[in-house]
Amino acid sequence: MIPAAFEYIRATSLDDALARLAAGNGTVKAIAGGQSILPLMKLRLARPETLVDIGRLSELRGIRRMPDGRVGVGALTTYDEMLRDEVLGHYGLLADALPNIGDVQVRNRGTIGGAIAHADPASDMPAILLALDAEVVARSTRGERTISITTFFEGAFSSVLEPDELITEILLPGGRNDVGSAYRAIEQPASGYSIAGVAAIVGARAGDRWGLCSVAVTGVGEHAYRAPGVESAVLAGASFADAAAHATDGVTVASDIHADREYRTHVAAVYVRRALEAAAARLG
Amino acid sequence: MTIDMLGKRVKRVEDQRLITGKGRYVDDIKLQSMVYCAILRSPYAHANIRSIDTSVARGMPGVLDVMIGADIPYNPLPMAWPAGGSAGLQNNVNMPRALATDSVKWTGEGVAAVIAETPEQAFDALEGIAVDWEPLPTVVDAEKATEPGAPQLHENAPNNIVFDWTVGDKAGAAAAIDGAEVVVRQRVVNQRLIPNPMEVRGDIGWYNPGTDEYTIWMSSQTPHIQRILLAIFVMGIPEHKLRCISPDVGGAFGTKIFCYADYVVVLHASKRLGGRPVKWIESRRENYQSTIHGRDHITYLEIAGSRDGEVSAIRVKTFANLGGRLSTIGPGIPTTLYARVLSGCYKIPNVFAEVVGVYTNTVFVDAYRGAGRPEATYVVERAMDLFAGEIGMDPAELRRRNFIAPDKFPYENPSGLGTASGGAKIYIDSGNYEPAMDKALKMAGYADMAKAKSEARTRGKYLGVGLSSYLEVCGVAPSKWIGAVGEGWGAAMWESANIKVHLTGKTVVTVGTQPQGQGHETTYAQIVGHELGIPMEDIVVQHSDTQGTPFGYGSYGSRTSSVGSTAAIKAAGKIREKARRYAAHMLEASVEDIEVEGAEYRVKGSPDKKKTFQEIAFALDLAFDAPEGMEPYLDETAYYDTPNCTWPFGTHVAIVEIDEATGHVDLVRYVAVDDVGNKINPMIVDGQLHGGIAQGVGQALWEGAVYADDGQLLSGSMLDYAVPRAAWFPHLELDETVTPSPVNPIGVKGVGEAGAIASTAAVANAVNDALKPFGIRHLDMPLTPQKVWHAMQSSKGAQA
Amino acid sequence: MDAHISLTVNGKPREADVEPRRMLVQLLREDFDLTGTHIGCDTSQCGACTVTVDGRAVKSCTMLAVQADGGTVTTIEGMATEAGLHPLQAAFWEHHGLQCGFCTPGMIMAAADLLSRTTEPTDEQIRHAIEGNFCRCTGYQNIVIAIRAAAKVMRDGVAAPSTAVQGGM
């Protein structure tokens with residue numbers, strides 16, 4: 001299994017990378033850690049004419065706390081770097097998910113920007129960012145734009161990112177003391193990808209009601225999605241178990257040899273419940 | 001000085017190179033002027049080939065040659081083991097070609113081969129080959145393939161049937177079942193598996209025009225057999241014009257026993273190129289599509305007996321999926337190696353089996369770790385649990401009541417092993433089944449399972465416990481028996497060893513067996529060191545090359561420790577005897593007066609008069625003073641044909657917990673008590689058991705090759721075929737009983753397959769036990785979360 | 001067009017001209033004759049090709065050779081020193097942590113990454129750390145034992161006495 005031949009260019013700066021993507025007219029792909037694109041290229045399911053290596057653009061690396069409390073995660077930050085970051089460690093759902101994404105070798109190379117750009121429908125990170133209401137900063141020679149993660153994914157391996165755009169940073173809302181979050185997933189055993197993965201945040205409890213609930217699901221639909229039916233049920237006072245019944249409302253549930261539609265629908269609800277319970281438990 | 005290495009936990013000789021990255025597997029070998037081969041494989045599971053256009057590929061950079069089936073003037077690959085039987089049963093045989101000629105029968109069958117200067121160029125040029133396909137209807141399920149109206153694969157095999165073979169007493173079994181108080185019937189599927197050695201296959205073919213000789217480096221369990229098969233049956237060249245070398249082999253598990261198309265492709269390609277060596281290395285995707293798969297049985301089982309737990313009969317009809325064409329010994333696996341051990345370790349008096357071998361649009365099926373015996377063990381061990389459930393008896397108690405008693409050995413089982421052919425009886429050598437089971441039950445805390453089950457319920461879990469009291473037959477086999485018409489593969493099964501003692505006493509042992517990770521370089525050295533009283537560092541064990549090793553049939557079927565080792569012991573005995581005769585000459589004593597202890601040869605009653613083995617070897621190598629009639633040098637070869645197979649046994653206990661909400665099965669404990677007779681190296685024995693158990697658990701819970709109805713392999717890569725990972729296993733708890741085999745001088749039984757044979761049934765029984773509260777009697781493997789959950793749902797629905 | 005790269009492999013500076021599509025594993029095996037790093041799959045699952053790049057375990061079948069330009073690569077061949085085997089190598093040998101040996105180099109390199117982060121891993125942590133490395137021979141049991149033993153040696157600085165009979169090795 002050998003990729004088709006391609007031209008390789010190591011970008012010298014972000015502007016250089018953007019210029020090459022713009023000039024490429026769709027035949028140029030960016031590569032960072034390569035953990036998503038290289039396997040596809042080896043199977044010749046992807047055959048870009050040119051790869052622009054953005055892996056060494058230090059301006060896209062690192063985690064920063066912004067003045068307004070938000071946290072910016074550079075697109076080239078690896079899963080492993082995120083896993084070892086103290087600030088991100090306070091996000092319960094990241095602490096749950098990161099150690100189980102891929103394996104150590106993948107976490108050492110795979111980047112958050114690459115994962116989001118790849119838009120794998122069973123990837124964990126999209127659900128986490130959806131639950132967090134994260135924002136994606138993308139740049140091209142045409143300028144920079146900030147995209148709400150809730151409008152980012154369009155389908156399996158498909159997003160609103162244009163071929164000439166690069167993700168530069170992911171913006172996470174600042175941590176809150178009055179919410180708890182968690183990530184729970186049932187894995188497809190061979191690939192390690194999620195059959196159903198659920199990111200949940202609950203909090204802002206007032207009396208016997210939750211004031212905040214955010215639930216996102218991956219592995220189940222065409223792409224990761226927020227589950228508004230679950231959220232509104234929780235906010236309306238439903239039990240987590242009852243609310244979880246709305247896990248796949250309005251979603252065309254995927255079916256494959258590992259999980260047919262009925263099973264995947266069921267475990268999506270189970271894992272929504274489990275993620276909500278775990279998130280609530282974090283509040284103490 | 002005596003050096004007793006036998007039965008000791010000796011660190012492995014081969015590890016030094018393997019832990020430092022200095023192993024040498026086929027893909028590590030580079031030869032001068034070597035070129036590379038890539039094979040174009042069929043995207044269709046069933047299609048006729050109208051034409052193949054290779055012109056574009058031929059013009060691509062670096063391309064030296066493109067071959068299609070018509071370019072290879074050799075016979076199809078051999079099929080060496082037809083299903084037999086006294087009635088002279090007909091097998092409707094269709095063998096694979098080196099490259100397909102007019103049609104393909106499975107996705108992944110080889111169609112064309114490109115030879116290029118680099119692997120990249122060879123791979124690129126596959127895209128320059130155009131095949132005009134005529135797709136045909138497909139069938140992938142063995143039972144459906146035999147039904148009226150099913151797509152037909154081969155003209156000579158109506159209803160896709162390869163053979164319809166029976167064994168046992170049909171009338172006796174029918175009478176016992178018809179008259180029984182209790183009969184339990186169940187359809188069970190032993191799903192298709194992809195063996196997954198970590199090293200895929202690969203080979204380098206080299207034709208030497210100067211000598212008109214061929215050499216092939218291959219990742220094989222059977223270099224000597226491949227020489228016979230390739231030279232005589234495929235290429236039609238003299239055996240001595242082909243040399244087969246199998247360097248370090250990165251796991252095999254049966255897959256590397258067979259004669260594969262790529263061997264022929266690389267050898268012929270090298271000849272066409274005037275002698276440039278041609279390397280082909282399989283990709284994992286190709287391995288999944290074109291190296292053999294294992295298992296794939298659909299069985300209708302019946303077990304009959306009395307309410308008080310005496311099992312009187314077992315009868316099966318099994319559809320065995322053999323794939324689109326036959327692999328080298330495909331038909332032998334679901335017949336002789338399966339149905340002849342169907343009664344396991346039980347004294348079941350009536351056994352009858354009908355096995356229908358079937359062609360389907362899938363890759364060929366052949367021996368995978370255990371080969372027939374895991375399938376048989378699964379059937380009988382599931383049957384015992386089903387029967388116990390039916391009569392309300394504890395499964396352990398039912399087993400206890402039906403074990404063959406320890407005073408009944410040697411024991412002839414009723415499915416015909418004892419009467420298979422004139423003269424050579426196969427009987428169960430020795431056994432003592434109850435103590436092994438009792439030990440396992442005690443270790444597992446079997447008596448406390450009811451409490452454990454109710455405790456698990458408080459956590460939303462269903463706990464189950466499963467037993468597997470397995471019996472393995474290994475150490476194949478007496479040549480008289482395996483070679484008998486209609487039973488075996490018409491070949492002998494002896495083993496060989498040669499020992500040469502050099503001037504300084506350093507000893508070279510060459511053997512005809514072929515390791516794939518079992519540590520033969522260590523265990524043979526232990527044996528020879530023990531026999532000759534010399535330290536292991538004075539011994540080197542060589543194998544793997546038809547030039548320089550004595551002929552042998554290779555390593556599979558857990559046969560090396562019982563058959564191969566005995567050949568080495570016999571060779572060492574010859575060396576010792578010659579050394580003793582020469583010692584008598586040196587010490588001016590009669591041979592009868594020379595006593596041997598370890599490496600010391602001394603005159604009885606005169607302890608000072610002695611010679612060491614090294615002194616004798618030195619003198620006999622120089623031969624300045626050899627007596628009349630004695631040949632110089634210590635160099636002896638021995639051949640050993642075993643009088644019988646060996647029969648390890650034991651009881652494994654699996655404890656599982658099922659998550660009620662998701663159906664996820666967690667293996668929480670695994671206890672194994674195995675009796676493999678005496679051990680040469682207990683550390684290696686434990687390692688073999690660990691690995692075998694893991695593979696068997698893999699079948700029970702996670703692994704399965706899945707073909708779509710159109711013959712596409714849905715589990716086509718490691719992204720969809722679940723090779724078990726470390727985190728899925730608990731620490732395995734092992735213990736032993738020891739019942740030496742009387743068959744060979746060291747009393748070993750063999751251990752390569754035992755773990756895989758036992759564990760599948762233990763885990764499947766545990767899951768089915770856990771599902772009893774749902775009224776579920778049987779669920780087929782792999783027991784994946786979705787399958788278990790669906791079963792629980794159906795049962796809840798039925799109860800509601 | 002081939003790219004010229006320079007990197008440090010097992011402590012030695014190396015250079016090569018490579019096609020961009022050449023994976024790191026091919027660079028190591030074909031250009032540098034470091035055949036201890038193996039290829040076991042096409043889909044980044046099996047981990048047989050694991051090496052460390054700049055101290056972290058990576059699957060060298062899923063990294064372009066050009067991406068390793070300027071980096072520091074350690075393969076199994078670079079683990080032993082003149083003083084002897086690396087504790088992981090010694091422990092795999094002592095505890096029968098390998099059979100066919102094909103997964104072993106990658107397994108040892110993944111374990112090295114683990115032990116660079118955690119000096120006293122639990123068995124659970126060990127099993128988790130090698131989930132990207134398949135072994136089909138050992139059932140992982142003795143691998144876990146070996147990694148645990150190596151961790152102890154690296155902590156304490158001395159190896160526990162061998163329980164194996166030293167067969168002259």
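Throughout, protein chains are lettered first and strands after them, A, B, ... in sequence-line order, and every chain is numbered starting at 1.
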Taking the side chain as every heavy atom from C-beta outward, state whether [X] and [Y] have any pair of such atoms under 4.5 Å apart.
| X | Y | value |
| --- | --- | --- |
| K30(B) | D33(C) | yes |
| H690(B) | H96(C) | no |
| K22(B) | E77(C) | yes |
| M198(B) | F134(C) | yes |
| K11(B) | E94(C) | yes |
| C100(C) | E199(B) | no |

Check whether [X] gets within reach of chain C through its side chain, its backbone, both or neither, counting any heavy atom under 4.5 Å.
| X | value |
| --- | --- |
| P515(B) | neither |
| D27(B) | both |
| E14(B) | neither |
| I693(B) | neither |
| V249(B) | backbone |
| F729(B) | both |

**Message:** Treating Y140(C) as the side-chain partner and P724(B) as the backbone partner, does any N or O pair qualify as donor plus acceptor under 3.5 Å?
**Reply:**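 Judged by distance alone, yes, a pair lies under 3.5 Å.
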**Asked** Any sub-3.5 Å donor-acceptor pair from Q695(B)'s side-chain atoms to R136(C)'s backbone N or O?
**Response**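 Here the side-chain-to-backbone pair exists.
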Distance from [X] atom [atom1] to [Y] atom [atom2], nearest 0.5 Å?
| X | Y | atom1 | atom2 | answer |
| --- | --- | --- | --- | --- |
| R725(B) | I130(C) | CZ | CD1 | 11.5 Å |
| R9(B) | H95(C) | CZ | NE2 | 7.0 Å |
| I76(C) | I19(B) | CD1 | CD1 | 8.0 Å |
| E19(C) | T118(B) | CD | OG1 | 7.0 Å |

**Message:** Ignoring hydrogens, what is the shortest heavy-atom contact between G40(C) and M718(B)? Give both atom names and the distance.
**Reply:**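 That would be O-CE, 4.3 Å.
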**Asked** Which pair of non-hydrogen atoms, one from L732(B) and one from Q141(C), has the smallest distance, and what is that distance?
**Response**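 Looking at all heavy atoms of both residues, the closest pair is N-OE1, 2.6 Å.
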Between [X] and chain B, with a heavy-atom cut-off of 4.5 Å, which part of the residue counts as in contact: side chain, backbone, both or neither?
| X | value |
| --- | --- |
| E124(C) | neither |
| I145(C) | side chain |
| I108(C) | side chain |
| T138(C) | backbone |
| L88(C) | neither |

**Message:** For chain B, which candidate among C137(C), G78(C), S44(C), P105(C) shows the most heavy-atom pairs at distances under 4.5 Å?
**Reply:**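 Most pairs with chain B among the choices: C137(C).
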**Item:** Most chain B-contacting option - heavy-atom pairs closer than 4.5 Å, from T104(C), L98(C), T43(C)
**Value:**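 Heavy-atom pairs under 4.5 Å are most numerous for L98(C).
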**Request:** Go through D686(B), V200(B), N196(B) and name the one with the most non-hydrogen pairs under 4.5 angstrom from chain C.
**Result:**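 Most heavy-atom pairs within the cutoff with chain C belong to N196(B).
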**Message:** Out of D28(B), V723(B), D248(B), return the one with the most heavy atom pairs under 4.5 angstrom to chain C.
**Reply:**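 Heavy-atom pair counts peak at D28(B).
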**Prompt:** How would you list, in number order, the residues of residues 279-288 of chain B that have a heavy atom less than 4.5 Å from chain C?
**Reply:**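 Counting heavy atoms that sit under 4.5 Å from chain C, the residues of residues 279-288 of chain B involved are S283(B), R284(B), R285(B).
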**Item:** Sole candidate of D15(B), T20(B), L18(B) that passes side chain to side chain contact (heavy atoms under 4.5 Å, CB included) when paired with W93(C)
**Value:**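 In the set D15(B), T20(B), L18(B), the residue that makes a side chain to side chain contact (heavy atoms under 4.5 Å, CB included) with W93(C) is D15(B).
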**Request:** Carefully, step by step, assess Q518(B) and Q99(C) under the rule side chain to side chain contact (heavy atoms under 4.5 Å, CB included).
**Result:** CA-CA 6 Å; Q518(B) 301 94 329; Q99(C) 290 179 28; over 6 Å; no
Output side-chain donor-acceptor pairs under 3.5 Å for residues 7-15 of chain C, partner residues at least two apart or in another chain, one line each.
unit_1	atom_1	unit_2	atom_2	d
N10(C)	OD1	T75(C)	N	2.8
N10(C)	ND2	T75(C)	OG1	2.9
E15(C)	OE1	H4(C)	NE2	2.7

